[in-house]
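Working notes for the structure below.
If you read the sequence from its start, that first residue is 1, and numbering goes on from there. Worth knowing before you read on, the calculation uses all heavy atoms, side chains too, and leaves out hydrogens, waters and symmetry mates.
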Amino acid sequence: MNEALQHFPPARPREKAAAPVPRPDRQFYAQTQAFGRFGIRWFDPQIMPHEHLHGHIELNWLTDGSMDYVIDGRPIRVPSQRLVMFWAGIPHQTVALDTGANGESRQCNVYLPLDSFLHMHNLGKLTETMMGGGVVALNPGTLGADTLQRWYQDYRSGDAERADILKEEIALMLRRAAVTGWDILMAPWIESVGTAARAASPLRYVVAMIRHILENLSEPLRAEDVAKVVGLHPNYALNLFTEVMRVPLHKFVVRMRLIRARSLLFEGSLSIENVAFESGFTALSQFYVQFRNAYGLTPRQMRAHYLR
């Protein structure tokens, strides 16, 4: 047997994963398909009978061989021993497999919720590439099997602190990748505002709206203003956003503001009131209601719990 494969989780038998410990924001992810929950899987690569899409930035890693995807009708080959990354909100399907010389290739997938990814700091061109429909392979040596196995065990542990550290490590890995670069497997194809044809794709409009929202999160964001950015009638823009993202625009805005607020709370330097206003909430009472609905804790309770 190839010695390089001895460090990877065995193909069979696989023990059943422990039931995850409920997290404060679990209810939110259960209520919408727009943003999938964070997750990590090890499994035998397989051909998908149908294309699908989900609310993640997906990272794939193969121990051996390769696999062929079709992403929005475009073919792409995923190599082994490289962390390959794409926006899973674009329809995709595995159509062919090479399971390696010994037929024992294993696949590890990391699923980053889209809302969390969009809030990660200092990713710059990497965020633009993902939201533009690009597929990238992070540089060789970015990580190996030992790191992926440790992440998987952290994820399975059900320990909230280990899970938070895991997510921070992934964010730092992506931040480093944003500096050191990556290889393009499929170039971004969703055009930026102003360069598309008159009859642009729905994804192009939605990506432009998302960019405007993220850049102006602390400011008032009326539907009319967001629609104006892409030159569409407000009603049409709202319907288009909901159709593509599977969540109404106002709920998307609230979610991104809540994630910013949660991050600011953990920094610990701002008052609760300033956290609310820096996150774009104009009324403190509204902030408390939205925050508790999403996380099951008040902002003060969350700060006390995680910063004690």
### Query
Are Arg255 and Phe252 in a cation-pi contact, defined as NZ or CZ under 6.0 Å from the six-membered ring centre and within 45° of the axis?
no

### Query
Is there side-chain contact between Tyr152 and Val110, with heavy atoms separated by less than 4.5 Å?
no

#### Entry: Tyr111 and Arg37, any side-chain heavy atoms less than 4.5 Å apart
no

### Message
Run His54 and His52 through ring-ring contact (aromatic ring centres under 6.0 Å, His included) and show every step you take.
### Response
CA-CA 7 Å; His54 45 94; His52 73 163; 5.0 Å; yes

### Message
Once you measure the plane-to-plane angle for Tyr295 and Phe291, does it fall in the parallel (<30°), tilted (30-60°) or perpendicular (>60°) bin?
### Response
tilted

### Salt bridge Asp225-Lys228, side-chain N to carboxylate O under 4.0 Å
no

### Query
With a 6.0 Å cut-off on ring centres, are Tyr69 and Phe86 close enough?
yes

### Query
Below 4.5 Å, heavy atoms only, C-beta onward: do Lys167 and Ser116 meet side chain to side chain?
no

### Query
Given the rule in the side chain to side chain donor-acceptor pair (under 3.5 Å) test, do Gln107 and Asn109 qualify, once you have shown the distances and angles that lead to the verdict?
CA-CA 7 Å; Gln107 180 175 348; Asn109 281 8; 2.8 Å; yes

### Query
Is the shortest distance from a Lys or Arg side-chain nitrogen in Arg82 or Asp183 to a carboxylate oxygen in the other one below 4.0 Å?
yes

### Message
Grouping I, L, V, M, F, W and Y whenever their side-chain heavy atoms are under 4.5 Å apart, do Ile272 and Ile259 come out in a common cluster?
### Response
yes

### From CG (Leu112) to NE2 (His56), nearest 0.5 Å
8.0 Å

### Task
Could you tell me whether the side chain of Thr142 and the main chain of Asn139 form a donor-acceptor pair under 3.5 Å?
yes

### Task
Output yes when Arg257 and Glu278 qualify as a salt bridge under the 4.0 Å nitrogen-oxygen rule, no when they do not.
no

### Message
Under 3.5 Å, is there a donor on one side chain and an acceptor on the other for Asp44 and Gln46?
### Response
no

